[in-house]
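Reading through the structure tokens given below for one structure.
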Amino acid sequence: MSSHTELHTDNTERLLQAASRRARLAPYLSWAALALGLGLVVAFLIQAGLISALLPKPKPTPLTVEMPEQIAGSFFRIAGFDHEKQPYEITSKKGYQDKETANLAHLEDLAGTFRRASGQSYEVFSNTGLYDSKAKEMDLEGNVRIVEVGRFTAVMEKAHIVMEKKNLVSNVPVVVEMGSGTIKANGMQISNDGKNILFLNGVKARFTDIETKGDTTP
């Protein structure tokens, strides 16, 4: 009588090998889980702004002073009274003290107002100016304009003003527009409280013809 022998595979060895592999991988898995957890924590802190708050802040850039040894400002004002006790005022968008001579002030984009004893006023404009606080005088340069509303507008490149006497001298070409015409010259002087205007060197004038009608009454 014959019998069949059944062979059963023993899984013990295979199970032991799998367990051994899991044991070897366990530390790596633990480190991976820890790294993932730390990453999540860091991401949270960054989003909450805590990391940037803990990091050392960069040193602020020191303020640069354009002219540390000179008086400078974005607005400059000069005011006073002339010899007739009439007020005058000069303002500029920017001004600074001369580095070599303390009584000199460099002005940019300036405008000035002067008043006569009669109460009539006129204005002076210029791109730049150099004011002498001791002599009370000013040199103007760049698109210099003297405007008296209803009387004249004079345009030149350079002029010198004596503040207390309201005298102006220009030795460069000047164009004066008046209601009655235009005067061109190579120089101009204003004196006597602005009452006298003298044109110099090669004066050319063109005046508008004014047609007058006689009395038509019979």
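By the 4.5 Å heavy-atom criterion applied to side chains, Ile90 and Tyr131 are not counted as neighbours. At least one side-chain heavy atom of Pro87 sits under 4.5 Å from a side-chain heavy atom of Arg115. Side chains of Leu110 and Met138 form a contact here, defined as non-hydrogen atoms less than 4.5 Å apart. In this structure the side chain of Met156 reaches within 4.5 angstrom of the side chain of Ile146, judged on heavy atoms. Looking only at side-chain heavy atoms (C-beta outward), Gln120 and Arg151 stay at 4.5 Å or farther from each other. With contacts defined as side-chain heavy-atom distances shorter than 4.5 Å, the pair Glu89/Arg77 qualifies. Residues Leu140 and Phe125 have side chains not in contact (no heavy-atom distance under 4.5 Å, counting atoms from C-beta outward). Looking at Asn186 and Leu200, their side chains never come closer than 4.5 Å, going by heavy atoms from C-beta outward.
Taken from CG in Asp109 to OG in Ser126, the straight-line distance is 9.0 Å, to the nearest 0.5 Å. Between the CZ atom in Phe114 and the CD1 atom in Ile190 there is a gap of 10.5 Å [rounded to 0.5 Å]. Distance check, rounded to the nearest 0.5 Å: CD of Glu148 to CD of Glu123 gives 10.5 Å. With values rounded to the nearest 0.5 angstrom, Lys165 atom NZ is found 8.0 Å from His83 atom NE2. Rounded to the nearest 0.5 Å, atoms NZ (Lys94) and NE2 (His106) are 12.0 Å apart. Here Arg116 contributes atom CZ and Tyr122 contributes atom OH; the two are 6.0 Å apart, rounded to the nearest 0.5 Å.
Clustering ILVMFWY residues whenever any of their side-chain heavy atoms sit less than 4.5 angstrom apart, transitively, puts Met178 in the very cluster that holds Phe199. Under the 4.5 Å side-chain heavy-atom criterion for ILVMFWY residues, no single connected hydrophobic cluster contains both Leu104 and Leu107. One hydrophobic cluster, built from ILVMFWY side chains closer than 4.5 Å, cannot hold both Val124 and Val149; they sit in different ones. Taking hydrophobic clusters as Ile, Leu, Val, Met, Phe, Trp and Tyr residues chained together by side-chain heavy-atom distances below 4.5 Å, Ile161 shares a cluster with Phe152. With hydrophobic clusters built from ILVMFWY side chains whose heavy atoms lie under 4.5 angstrom apart, Leu168 shares a cluster with Val203.
Here the closest non-hydrogen pair linking Ser191 and Asn167 is CA-OD1, 3.4 Å. The minimum heavy-atom distance linking Ala205 with Ile183 is given by the pair CB-CG1, 4.0 Å. Closest non-hydrogen pair, Val144 versus Glu157, comes out as CG2-O, 3.5 Å.
Residue Met188 is tested with Val176, Leu198, Asn201 for a side chain to side chain contact (heavy atoms under 4.5 Å, CB included); the sole match is Val176.
With hydrogens and angles left out, the side-chain atoms of Thr182 and Glu177 include a donor and acceptor closer than 3.5 Å.
Remark: the backbone N or O of Ala102 is paired with a side-chain donor or acceptor of Gln97 at under 3.5 angstrom.
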